Amino acid sequence: MIVWINGTFGAGKTSTARELAGMLPGSTLFDPERVGEGLLGLLPPERRAEVADYQDLPGWRRLVVETAAALLAEAGGVLVVPMTLLRQEYRDEIFGGLAARRITVRHVLLAPEETILRRRIATREEPGDPAVVDVRVRQWAYDHIPAYQQALAWLKDDAHVVDNGALSVRETAELIARAVRTEAGGVCDIVQTPEPTRETVASGVLLFDDEERVLLVDPTYKAGWEFPGGVVEPGEAPACAGVREVAEELGVELAGMPGLLVVDWEPPAPPAYGGLRLLFDGGRLGAAEAARLRLPGPELRAWRFVTEEEAAELLPPVRYERLRWALRARERGRPLYLEAGRPTP
């Protein structure tokens with residue numbers, strides 16, 4: 001199990017994590033900041049210059065998952081992780097990767113009032129020249145408060161919130177330990193999608209509204225918006241998989257088998273294996289049908305109908321290209337074969 005202690009800079013994550021690790025029998029402290037520092041130190045200067053925060057490196061997010069899994073395999077017990085995660089898509093990617101490895105995560109948010117937070121930042125002792133510390137550490141922490149306040153909208157729904165403004169480090173750790181033991185701090189509710197071990201076949205279904213906008217969904221277990229659908233199970237026909245996933249994810253029962261729009265071969269990009277990605281035309285949903293759309297909490301966070309232009313802002317580039325050509329195939333009335341999101345000559 002992982003106890004992930006979240007909160008903005010100055011909330012007291014690291015000191016609380018050290019105290020908590022001493023309270024929970026068989027626990028290990030894992031600070032992902034060390035992974036970030038190590039990765040930045042290994043990168044060539046030109047790549048380091050491209051990123052302002054190591055969390056923006058896809059390699060860091062993958063390494064956090066792999067390192068946590070390796071530590072649990074070696075030490076067992078509980079892994080206590082103090083790490084700020086303010087971007088929901090990064091939380092999705094990391095927690096989704098842990099869930100895929102059947103690792104339970106209890107997500108805790110330390111949330112002192114802003115006045116207390118600013119006082120802690122101002123009085124926090126840091127090594128080095130005070131003038132340099134004020135710029136390098138304190139101002140940097142102050143600058144991240146707005147991002148934290150914005151993230152509170154999803155953090156408070158996702159995590160077990162602890163207001164530690166009036167608590168000592170010991171009292172905060174005791175409160176978290178009690179929540180872990182009594183399961184008051186519940187397990188992070190995220191779907192467990194097994195990591196593929198080879199190329200996969202996945203089926204997506206495009207559904208349209210009366211304005212010809214396409215339906216996209218926001219999964220909790222990976223970054224970026226997606227089409228309704230999922231991985232084809234062994235022995236299952238791809239079109240049937242799309243119909244099944246639409247029913248499971250959205251509660252929509254398609255009247256018949258959807259028509260094929262594109263077959264896209266996604267090349268392997270380690271650690272992903274790639275495989276075949278199919279998109280089908282599920283037809284139009286009337287206003288009454290759209291009003292009955294439902295979302296299973298652990299799997300999907302939201303849905304929305306979007307134009308092609310709006311989809312370009314939400315979908316990762318390869319998925320957008322797949323959608324773009326699927327819409328062209330729908331207009332032309334014939335399916336297309338793609339490789340990496342592009343039609344072959």
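Here, residue 1 is the first one in the sequence, and each next residue gets the next number. Remember, it's a predicted structure, so these values are computed and weren't measured experimentally.
- Ring geometry, H107 versus F95: the interplanar angle exceeds 60°, so the pair is classed perpendicular (tilted spans 30 to 60°).
- Atom CD1 of I176 and atom NE2 of H160 lie 7.5 Å apart (nearest 0.5 Å).
- In this structure, D92 and P219 have side chains that are not in contact, with every pair of non-hydrogen atoms separated by 4.5 Å or more.
- Note: L85 CG to T8 OG1 = 11.5 Å, rounded to the nearest 0.5 Å.
- At least one side-chain heavy atom of R101 sits less than 4.5 Å from a side-chain heavy atom of V65.
- Looking at D56 and R87, a side-chain N of the basic residue comes within less than 4.0 Å of a carboxylate O on the acidic one, giving a salt bridge.
- Side-chain contact check for E310 versus T307: some heavy-atom pair is nearer than 4.5 Å.
- Crowding of E331 atom CD: a count of heavy atoms from other residues, nucleotides or ligands under 6.0 Å exceeding 12.
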* To do: Could you walk me through whether T84 and L86 pass the side-chain contact (heavy atoms from CB on, under 4.5 Å) test, one step at a time?
  => CA-CA 6 Å; T84 299; L86 301 184; 3.5 Å; yes
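- For the pair L72 and M1, the tightest heavy-atom approach, listed with the atom from each and the gap, is CD2-O, 4.0 Å.
- By the rule that hydrophobic residues join a cluster once side-chain heavy atoms approach within less than 4.5 Å of another member, W303 and L207 end up as members of one cluster.
- Across every non-hydrogen atom of A111 and D163, the tightest pair is O-OD1, 3.5 Å.
- Taking 4.5 Å as the limit, every side-chain heavy atom of L278 sits out of range of all side-chain heavy atoms of V232.
- Atom OH in Y273 sits 10.5 Å away from atom CD in E199 (nearest 0.5 Å).
- In summary, R62 and E66 do not engage in a salt bridge, as defined by a charged side-chain N under 4.0 Å from a carboxylate O.
- Distance alone, capped at 3.5 Å, is enough to place a donor-acceptor pair between the W4 side chain and the M83 backbone.
- Between I116 and N164, every side-chain heavy-atom pair lies at or beyond the 4.5 Å cut-off.
- Apart from W225 itself, the hydrophobic cluster it occupies contains L206, F208, V214, L216, F227, L261, V262, L279, V306, L314, L315, Y320, L323, W325, L327, L336, L338, where clustering links Ile, Leu, Val, Met, Phe, Trp and Tyr at side-chain heavy-atom distances under 4.5 Å.
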Donor-acceptor contacts under 3.5 Å from residues 24-37 side chains, at least two apart:
unit_1: S27; atom_1: OG; unit_2: A21; atom_2: O; d: 2.5
unit_1: S27; atom_1: OG; unit_2: L24; atom_2: O; d: 2.8
unit_1: D31; atom_1: OD1; unit_2: E33; atom_2: N; d: 3.0

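- Residues R324 and E308 are not paired through a salt bridge, judged by the lack of any N-O separation under 4.0 Å between the basic side chain and the carboxylate.
- Taking hydrophobic clusters as Ile, Leu, Val, Met, Phe, Trp and Tyr residues chained together by side-chain heavy-atom distances below 4.5 Å, M23 does not share a cluster with L167.
- Between W265 and Y337, the ring centre distance reaches or exceeds 6.0 Å.
- At least one side-chain heavy atom of L215 sits under 4.5 Å from a side-chain heavy atom of L293.
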* E174/R178 under salt bridge (Lys or Arg N to Asp or Glu O under 4.0 Å): CA gap, chis, key distance, verdict -> CA-CA 6 Å; E174 286 175 343; R178 192 178 311 123; 5.0 Å; no
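- Distance alone, capped at 3.5 Å, is enough to place a donor-acceptor pair between the E236 side chain and the E233 backbone.
- E211 is linked by a side chain to side chain contact (heavy atoms under 4.5 Å, CB included) to D209, R213, counting only residues two or more places apart in sequence or in another chain.
- Residues that satisfy the salt bridge (charged side-chain N to carboxylate O under 4.0 Å, His left out) test with E212, not counting sequence neighbours, are R284, R330.
- Salt-bridge annotation for R118 and E114: present, with a side-chain N of the basic residue lying under 4.0 Å from a carboxylate O of the acidic one.
- In terms of hydrophobic clustering, with Ile, Leu, Val, Met, Phe, Trp and Tyr side chains grouped at heavy-atom distances under 4.5 Å, V169 and L117 are assigned to different clusters.
- Among all heavy-atom pairs drawn from D264 and G341, the shortest one is OD1-N, 3.0 Å.
- Scanning all heavy atoms of the two residues, the minimum distance from P112 to A11 falls at CD-CB, 4.2 Å.
- Between the side chain of E249 and the main chain of V246, no donor-acceptor pair closer than 3.5 Å is present.
- Considering CG of D218 and CD of E89, their distance stands at 9.5 Å, rounded to 0.5 Å.
- Inter-residue side-chain proximity for E289 and V252 is flagged as unmet; no heavy-atom pair is nearer than 4.5 Å.
- Using modelled atom types, no side-chain atom of S203 and backbone atom of A239 make a donor-acceptor pair closer than 3.5 Å.
- Environment of CD in E313: sparse, with no more than 12 heavy atoms of neighbouring residues, nucleotides or ligands closer than 6.0 Å.
- Considering all non-hydrogen atoms of both residues, L39 and G59 come closest at CD2-C, 3.9 Å.
- Between the CG atom of L152 and the CG atom of L109 there is a distance of 6.5 Å, given to the nearest 0.5 Å.
- Of the listed residues (L110, L155, V108, V81), just one forms a side-chain contact (heavy atoms from CB on, under 4.5 Å) with N6, and that residue is L155.
- R61 contributes a side-chain N or O that, together with a main-chain N or O of Q55, makes up a donor-acceptor pair within less than 3.5 Å.
- Side-chain N or O atoms of K13 include none that pairs as donor or acceptor with a backbone N or O of I5 at under 3.5 Å.
- When the shell of 6.0 Å around CD of E113 is examined, it contains 12 or fewer heavy atoms from other residues, nucleotides or ligands.
- Counting heavy atoms from C-beta outward, F305 and D210 have side chains that stay 4.5 Å or more apart.
- Residues R120 and G12 share a closest heavy-atom pair of NH1-N, 4.5 Å.
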* Criterion side-chain contact (heavy atoms from CB on, under 4.5 Å) on V201 and V231, from CA distance to verdict -> CA-CA 6 Å; V201 178; V231 174; over 6 Å; no
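- Remark: E266 engages R277, R322 in a salt bridge (charged side-chain N to carboxylate O under 4.0 Å, His left out) (not counting sequence neighbours).
- Checked against ring-ring contact (aromatic ring centres under 6.0 Å, His included), F9 has the following partners two or more places apart in sequence or in another chain: W140, H144.
- With rounding to the nearest 0.5 angstrom, the CG atom of L57 is 9.5 Å from the CG atom of L63.
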